[in-house]
Amino acid sequence: MTSKDAVSHMSLALEEAKAAAERGEVPVGAVIVSADGKVLAAAGNRTRELQDPTAHAEILAIRAACSEVSDERLVGCSLYVTLEPCPMCAAAVSFARLKRLYYAASDPKGGGVEQGARVFNQPTCHHAPEIYPGIGEAEASFLLKDFFEQRRS
């Protein structure tokens, strides 16, 4: 995996985040890529649209990727997401056995990876992926800040 590939996959996740914002959803996007570089799934948040608090971009992408490979495990696959996963999504990453997690912006309020719950550091965690934060951080942070500023005005 080259850094060019990582940036390209994160760009696709950012496009999903922008589409989520256009739908009135919190702008978070996720992409799952197989070990050989094939995009298996891409999704953006849909909690409002689906009236489902679990319809985070990561969960939707994991579900679609599992369906694509006909397995509940995504061994060797990587997740690219525009915001640090929350504890629920971090647990799903662990259960899916994703090999790598790339995320753009940290989430000091609701993160579950390097902030908050730190799911992968818990003794009850069955699998911890390799973690690569900060790819596309500026653009992802801007999308989120802009989205919430527009909501407040």
Side-chain angles (χ1 to χ4, degrees), residues 1-50 54-69 73-121 127-151:
M1 174 68 56
T2 68
S3 62
K4 182 180 175 186
D5 290 334
V7 170
S8 174
H9 297 314
M10 188 60 78
S11 292
L12 182 54
L14 286 162
E15 291 304 316
E16 290 290 335
K18 290 174 189 171
E22 289 172 10
R23 293 190 303 271
E25 302 278 358
V26 173
V28 177
V31 173
I32 296 181
V33 179
S34 68
D36 64 0
K38 177 185 174 197
V39 173
L40 298 175
N45 276 356
R46 292 186 180 274
T47 59
R48 289 174 171 254
E49 176 186 338
L50 299 176
T54 69
H56 290 197
E58 301 95 309
I59 299 293
L60 296 174
I62 288 170
R63 287 176 183 160
C66 286
S67 180
E68 179 72 18
V69 300
R73 302 268 168 91
L74 298 168
V75 176
C77 295
S78 298
L79 170 65
Y80 295 81
V81 62
T82 59
L83 182 64
E84 175 182 357
C86 71
M88 173 185 71
C89 292
V93 165
S94 177
F95 293 142
R97 303 298 196 266
L98 285 154
K99 182 173 184 170
R100 292 180 195 90
L101 166 62
Y102 298 84
Y103 70 85
S106 292
D107 186 357
K109 243 181 146 175
V113 177
E114 293 186 328
Q115 312 288 323
R118 299 178 191 221
V119 170
F120 304 129
N121 294 342
H127 168 79
E130 298 169 22
I131 301 167
Y132 302 93
I135 298 172
E137 182 175 10
E139 187 173 355
S141 292
F142 175 79
L143 277 173
L144 287 158
K145 286 176 187 170
D146 186 56
F147 177 82
F148 287 112
E149 281 176 9
Q150 289 181 20
R151 294 287 180 266

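Residues: numbered from 1 along the sequence shown. Predicted model only: the values in this text are computed from it and were never measured. Scope of the values below: all heavy atoms of this structure, side chains included, with no hydrogens, waters or symmetry mates.
Nearest heavy atom pair, residue V81 against residue M10, reads O-CE, 3.5 Å. Pairing each heavy atom of I135 with each of A6, the nearest pair is CD1-CB, 3.9 Å. Here the shortest heavy-atom pairing between S141 and A105 reads OG-CB, 3.6 Å. Of all heavy-atom pairs spanning A55 and L50, the tightest one is CB-CD1, 4.0 Å. Residues A64 and A41 share a closest heavy-atom pair of CB-CB, 3.7 Å. The shortest non-hydrogen separation linking A90 to F120 is O-CE2, 3.3 Å.
Going from atom NE2 of H127 over to atom CZ of R97 covers 7.0 Å, rounded to the nearest 0.5 Å. The distance from the CG atom of L40 to the CD atom of E68 is 6.0 Å, given to the nearest 0.5 Å. Rounding to the nearest 0.5 angstrom, the gap separating the CD atom in E16 from the CD atom in E25 is 12.0 Å. A distance of 8.0 Å separates CG in L144 from CG in D107, rounded to the nearest 0.5 Å. Rounded to the nearest 0.5 angstrom, I59 CD1 and M88 CE are separated by 4.5 Å. Residue L101 holds its CG atom at 10.5 Å from CD of E130, rounded to the nearest 0.5 Å.
Residues Q115 and S106 have side chains in contact (heavy-atom distance under 4.5 Å, counting atoms from C-beta outward). At least one side-chain heavy atom of I32 sits less than 4.5 Å from a side-chain heavy atom of L74. Side-chain contact check for L60 versus R63: some heavy-atom pair is nearer than 4.5 Å. For the pair V28/H56, no side-chain contact is recorded, criterion being any heavy-atom separation below 4.5 Å from C-beta on. Side-chain contact between N45 and P27 is absent, with no heavy atoms from C-beta onward closer than 4.5 Å. For the pair E114 and P133, the minimum side-chain heavy-atom distance is below 4.5 Å.
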Side chain to side chain contact (heavy atoms under 4.5 Å, CB included) assessment of Y103 paired with I131: CA-CA 8 Å; Y103 70 85; I131 301 167; 3.9 Å; yes
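Here the side chain of T82 pairs no donor or acceptor atom with the backbone of L14 at under 3.5 angstrom. With hydrogens and angles disregarded, a donor-acceptor distance shorter than 3.5 Å links the side chain of S11 to the backbone of V7.
Partner C77 forms a side-chain contact (heavy atoms from CB on, under 4.5 Å) with one of I62, L98, V33, V69 and no other, that one being L98.
Taking the six-membered ring where tryptophan is involved, the planes of Y80 and Y102 are essentially parallel, since the angle between them stays under 30° and well short of 60°.
The salt bridge (Lys or Arg N to Asp or Glu O under 4.0 Å) check on R48 picks up nothing, with sequence neighbours excluded. When the ring pair (Phe, Tyr, Trp, His ring centres under 6.0 Å) test is applied to F95, no partner is found at least two apart in sequence or on another chain. Listed by chain and residue number, R23, R46 satisfy the salt bridge (Lys or Arg N to Asp or Glu O under 4.0 Å) test with E49 (two or more places apart in sequence, or in another chain).
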